[in-house]
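Inspection log for the structure reproduced underneath, given as structure tokens.
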2 protein chains.
Amino acid sequence: MARPRSFDEAATMEKIVRQFWARGYEATSIRDLEAATGLGMTSLYNAFGGKRQVFCSALTYYSKHRTQRCIEGIERLPAPADRIRTFVARVIDAASEDPDRLGCLVINTAIELGPHDEDIATVVADNLAEVEAFFRRNYEAAQKQGQADPNVTPEDAGRSFSALMFGLRVLARSRPERDVMEGAARPLLALLRYGDQGCC
Amino acid sequence: MARPRSFDEAATMEKIVRQFWARGYEATSIRDLEAATGLGMTSLYNAFGGKRQVFCSALTYYSKHRTQRCIEGIERLPAPADRIRTFVARVIDAASEDPDRLGCLVINTAIELGPHDEDIATVVADNLAEVEAFFRRNYEAAQKQGQADPNVTPEDAGRSFSALMFGLRVLARSRPERDVMEGAARPLLALLRYGDQGCC
DNA sequence: AGGATTTTACAGCAGATGATACAAAAAGAT
DNA sequence: ATCTTTTTGTATCATCTGCTGTAAAATCCT
């Protein structure tokens, strides 16, 4: 009968995610991961594999537990226009309140490793595609309710809201000021008030 | 009388910029810089200083020769709305045509080092502020000519177009497809056709 | 008690890292 | 020719890096 693990995998993975999220892949050494988790290198290797493998696991974990969970929660809201507003507001809130300027692990990774590592680029691309799909389908649904500007195609809306989110993530790392980010979001969010204006 | 330099500083700096631009700070070693420039470590140290110093110089050089020069050139166009369109188009063109997915050194650096290195964060912030100011003043000028939606303040426009650019830079690293990026830009660029629609 | 299995601790490896020290080289002046 | 100054080349340093090997530890079963 084997010796039991002395740590909880999910809790440890959260710490690993946090470390990579703050510093990125290259600037994080195995010893940084030891310090962040309180575990020895051998334990980390046994449970998660080598550095690149543990990074891939962390990225996938983040993608599932942060991005997808967030989207699932938001899609419980009944109104699609509210879903879009809420997602944007969540990102602005997170950035404004984070002294560590973490931003988003996926976006950070897209920049750091995306052009050079195919496997990681695939995880990144899947995550970004989910974000875009969220905006696309909720914009389309909002249009059907007369709550979104009909001059913008759902495809363009998905892409432009996604690009806005990416831009907000860059601001989260560089200038996480609420008024700046809200100002950045306002013109696109104005597309969602379209039906409220009783136009021409 | 001292031995003369065997290399041209500006040409070498271009190569250094290119290396850091492609791989970032942490993943670039001094030996990578040696290989990229064809110079020995001692020559690099004498001319540019240690790794972090040479990176700061590269970032500043990029900021001046890439961002500022680009903006200066674009502002020779007479129509402010065209300036905005052109800047966006330039970024989309560059990303669509770059097999190396370089993106933008400033944005890459904002993500990689921004939260952790104050001096570098300052160079980044200055550059991002120039981009925002470009959009802000040209949006305002376009409004005065009746070429931009008057419901959007120049401040919000500056911020939202900046955020769009940042988002496009993220796409440049992860998914540099022209139609995706043009779709992302289309709703904001539509603000510039406002006067053309002969609205209500 | 011993046996079996997995986990953890510890020591160490080969190579990489940013940087330094020192000698040789390049150039103009005397 | 020598002198002076800066640059380049080369060897090396101390430390760090991701990773491996091995022994001790933890657990249940017989």
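Each chain gets a letter, A, B and so on, in the order its sequence line appears, and its residues count up from 1.
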(request) Please list, chain by chain and in numerical order, all residues satisfying salt bridge (Lys or Arg N to Asp or Glu O under 4.0 Å) with B:Glu177, sequence neighbours excluded. (result) B:Arg175

(message) Nearest whole Å is fine: how far is D:dC19 P from A:Ile30 CD1?
(response) 6 Å

(message) Below 4.0 Å from chain B heavy atoms, what is the first contacting nucleotide of DNA chain C and what is the last?
(response) C:dT17 to C:dG28

(request) Not counting sequence neighbours, which residues clear salt bridge (Lys or Arg N to Asp or Glu O under 4.0 Å) with A:Glu118? List them please. (result) none

(request) Can you sort out the partners of B:Thr60 under side-chain hydrogen bond (donor to acceptor under 3.5 Å, both in side chains), two or more places apart, ordered by chain and number? (result) none

(request) Just jot down the salt bridge (Lys or Arg N to Asp or Glu O under 4.0 Å) partners of B:Arg169, sequence neighbours excluded, or say none. (result) none

(request) Sort and list the pairs that fulfil ring-ring contact (aromatic ring centres under 6.0 Å, His included) and have at least one residue in residues 66-113 of chain B, not counting sequence neighbours. (result) B:Phe87-B:Phe134, B:Phe87-B:Phe135

(request) Give, ordered by number, those residues of residues 19-28 of chain B having at least one heavy-atom distance below 4.0 Å to an atom of DNA chain C; if nothing qualifies, reply none. (result) B:Thr28

(request) Please name all residues satisfying side-chain hydrogen bond (donor to acceptor under 3.5 Å, both in side chains) with A:Arg18, sequence neighbours left out, ordered by chain then number. (result) A:Asp100

(message) Assess whether a salt bridge exists between A:Arg173 and B:Glu112, defined as any Lys/Arg side-chain N lying under 4.0 Å from an Asp/Glu carboxylate O.
(response) no

(message) Once salt bridge (Lys or Arg N to Asp or Glu O under 4.0 Å) is applied, do any residues pair with A:Glu72, and if so which ones, sequence neighbours excluded?
(response) none

(message) Just to verify, what does A:Arg137 make a side-chain hydrogen bond (donor to acceptor under 3.5 Å, both in side chains) with, not counting sequence neighbours?
(response) A:Glu75

(request) Would you give a per-nucleotide map of nucleotides 4-16 of chain D, 5' to 3', where B means the base has a protein non-hydrogen atom under 4.0 Å away, S means only the sugar-phosphate does, and - means neither? (result) BBBBBBB------

(request) Tell me, please, which residues at least two apart from A:Tyr139 pass ring-ring contact (aromatic ring centres under 6.0 Å, His included). (result) none

